[in-house]
Amino acid sequence: MNIRPIVFVAAALTCAACTSRQAVKEKAGNPIFEGRYADPEGMIIGNQYWVFPTRSLPYEEQVALDAFSSPDLVNWTKHEAIIDTTEVKWAWRAMWAPAVVEKDSKYYLFFGANDMHKTGEGGIGVAVAQKPEGPYKDLLGRPLIDSVANGAQPIDQFVFKDKDGTYYMYYGGWGHCNIAKLNNDFTGFIPFEDGTVFKEVTPEGYVEGPFMFIRDGKYYFMWSEGGWTQADYRVAYAIADGPMGPFKRIATVLQADDKVGTGAGHHSVIFEPKSEKYYVVYHRHPLGSTDGNDRVTCIDEMKFDENGHILPITITHEGVEANPLQ
């Protein structure tokens, strides 16, 4: 009488274990999370991977920013509305391209707002929080940059910490890129030795979306080219001996694949030191889409040749394998 129920329970447990094993994701798949998201900045904070993207919506609806965290690059948790225009009183639309920096146990989020075309319309702002998921509070109550310098629209900022501890901001749209040296509390800028605050470092082909990292003592500067709503959006790079360049274009390394997706661009790079792997976090348009705002966030691996040049990046549907940080 007792044999059949015991067999049944054992079989049920075995089946449940099989189901559990089948549910474990070995690769993230691209896009890595649901929804229209673009301009992703990826990084490691503590024992989590983080991605801070733009909500890819019409400008008037793009009034908040979300964040995503993962222990392994595969399983992602959404942190909704880490900041919005109710907190940033001077911003009323088009919050985009977040860049986050951890400093002195605080988290600083830099962002563009209002799609500024002339002084007073908006620009680049900065907010601060006690945790990476926020909530973030407007640090200044006004833009950090609210005017056009050297032809660069104040958007698409990236904050880079150099080896000597100096924090630089690279930013700019309209085909121009500036560099500026941030002060200690991120409330303003320190002029360069010649007295200028913003220096142009625009490489050939640059449109927007600058990013910088150091590898083997060399400075890798990357940027987006083409049109952000178009299939030809792509990423190119240069290598220099210092943060100021000069940046001589080497090659395109991230672009459309007519079997996977189009408009692959506005990226960032995550380096995971334990595995020594580099990941490129970027957005792209799904195949067949004609809506410029139809952008999704993806991750693929980035590799180098023996000379330190970046190899062409293969964009995939499968994404990357799990790489736990613990």
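Bear in mind the structure is a predicted one, so any value in this text is a computation, not a measurement.
To the nearest 0.5 Å, the span separating CD1 on Ile44 from CG on Asn323 amounts to 8.0 Å. The CD atom of Glu208 sits 5.5 Å away from atom CD1 of Ile155, with the distance rounded to the nearest 0.5 Å. Here CG of Leu139 is found 9.0 Å from CZ of Arg142. Values are rounded to the nearest 0.5 Å. Put simply, CG on Asp39 and CZ on Arg55 are 14.0 Å apart, with the number rounded to the nearest 0.5 Å. Asn184 contributes atom CG, which lies 10.5 Å from atom OG1 of Thr166 (distance to the nearest 0.5 angstrom). The line from CZ of Arg295 to NE2 of His285 is 6.5 Å long, rounded to the nearest 0.5 Å.
Looking at every heavy atom in both residues, Gly123 comes nearest to Met116 through N-CB, 3.7 Å. Between Ala64 and Asp84, the closest heavy-atom pair is CB-CB, 3.6 Å. Shown here for Thr54 and Pro98, the closest heavy-atom pair between the two residues is OG1-CD, 3.9 Å. Of all heavy-atom pairs between Pro324 and Lys274, the closest is O-NZ, 3.1 Å. In terms of heavy atoms, Ala129 sits closest to Pro135 at CB-O, 3.3 Å. Contact record, Glu204 with Trp223: O-CZ2, 3.6 Å, taken as the closest heavy-atom pair.
Within 6.0 Å of CD in Glu60 there are more than 12 heavy atoms belonging to other residues, nucleotides or ligands. The neighbour count for Lys103 NZ, taken as heavy atoms of other residues, nucleotides or ligands under 6.0 Å away, is above 12.
For the pair Arg215 and Phe304, the distance from NZ or CZ to the six-membered ring centre is under 6.0 Å and the angle to the ring normal is within 45 degrees.
In this structure, the side chain of Asn114 engages the main chain of Trp92 through a donor-acceptor pair within 3.5 Å. Checking side-chain atoms of Asn30 against main-chain N and O of Ile299 turns up a donor-acceptor pair under 3.5 Å. Side-chain atoms of Asp232 do not come within 3.5 Å of backbone N or O of Gly226 as any donor-acceptor pair. Proximity of a side-chain donor or acceptor of Tyr206 to a complementary backbone N or O of Gly172 within less than 3.5 Å is detected. With hydrogens and angles disregarded, no donor-acceptor distance shorter than 3.5 Å links the side chain of Gln157 to the backbone of Gly125. The main-chain N or O of Thr196 is found under 3.5 Å from a side-chain atom of Asp194 such that the two form a donor-acceptor pair. With Ser56 contributing its side chain and Asp294 its backbone, the two residues share no donor-acceptor pair below 3.5 Å. In this structure, the side chain of Ser268 engages the main chain of Gly42 through a donor-acceptor pair within 3.5 Å.
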Note to self: For a side-chain contact (heavy atoms from CB on, under 4.5 Å) check, start with the C-alpha distance between Glu321 and Glu26, then their side-chain angles and the critical distance, and finish with the verdict.
What the structure shows: CA-CA 6 Å; Glu321 295 180 349; Glu26 295 182 356; over 6 Å; no
Passes ring pair (Phe, Tyr, Trp, His ring centres under 6.0 Å), Tyr171 versus Phe110? Steps please.
CA-CA 11 Å; Tyr171 78 90; Phe110 298 81; over 10 Å; no
Between Glu133 and Trp50, is a side-chain contact (heavy atoms from CB on, under 4.5 Å) present by the stated rule, with each step listed?
CA-CA 9 Å; Glu133 66 268 33; Trp50 285 82; 3.6 Å; yes
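When hydrophobic clusters are built by joining Ile, Leu, Val, Met, Phe, Trp and Tyr residues whose side-chain heavy atoms come closer than 4.5 Å, directly or via intermediates, Val296 is not grouped with Val51. The hydrophobic cluster containing Val88 also contains Leu109, counting ILVMFWY residues as joined when their side-chain heavy atoms lie under 4.5 angstrom apart, directly or transitively. Connection of Leu254 to Leu287 is not established within any shared hydrophobic cluster, with ILVMFWY side chains joined at heavy-atom distances below 4.5 Å, either directly or through further cluster members. Note on Ile310: it clusters hydrophobically with Val235, by side-chain heavy-atom contacts below 4.5 Å among ILVMFWY residues.
Under the 4.5 Å side-chain criterion, counting only non-hydrogen atoms from C-beta, Met95 is not in contact with Val63. With contacts defined as side-chain heavy-atom distances shorter than 4.5 Å, the pair Arg36/Asp291 qualifies. Counting heavy atoms from C-beta on, the side chains of Pro210 and Asp156 come closer than 4.5 Å. Side chains of Asp138 and Trp90 form a contact here, defined as non-hydrogen atoms less than 4.5 Å apart. Counting heavy atoms from C-beta on, the side chains of Arg93 and Gln62 never come closer than 4.5 Å. Looking at heavy atoms from C-beta onward, Leu182 lies in side-chain contact with Phe189 at the 4.5 angstrom threshold. Inter-residue side-chain proximity for Phe186 and Met169 is flagged as unmet; no heavy-atom pair is nearer than 4.5 Å. Counting only heavy atoms from C-beta outward, the side chains of Pro71 and Gln48 approach each other to under 4.5 Å.
Between the side chains of Asn150 and Lys199, no donor N or O sits under 3.5 Å from an acceptor N or O.
Close placement of the Trp96 and Tyr59 rings is indicated, their centers lying within 6.0 Å of each other. Under the 6.0 Å cut-off for aromatic ring centres, His266 and Tyr233 do not qualify, their centroids lying 6.0 Å or more apart.
Between Phe160 and Tyr168, the ring planes are parallel. Angles under 30° get that label, and only those over 60° would be called perpendicular.
When each of Phe221, Phe213, Phe211, Phe158 is tested with Tyr170 by the rule ring pair (Phe, Tyr, Trp, His ring centres under 6.0 Å), just one qualifies, namely Phe221. A side chain to side chain contact (heavy atoms under 4.5 Å, CB included) with Leu311 is found for one member of Glu301, Lys303, Met302 and no other, namely Lys303.
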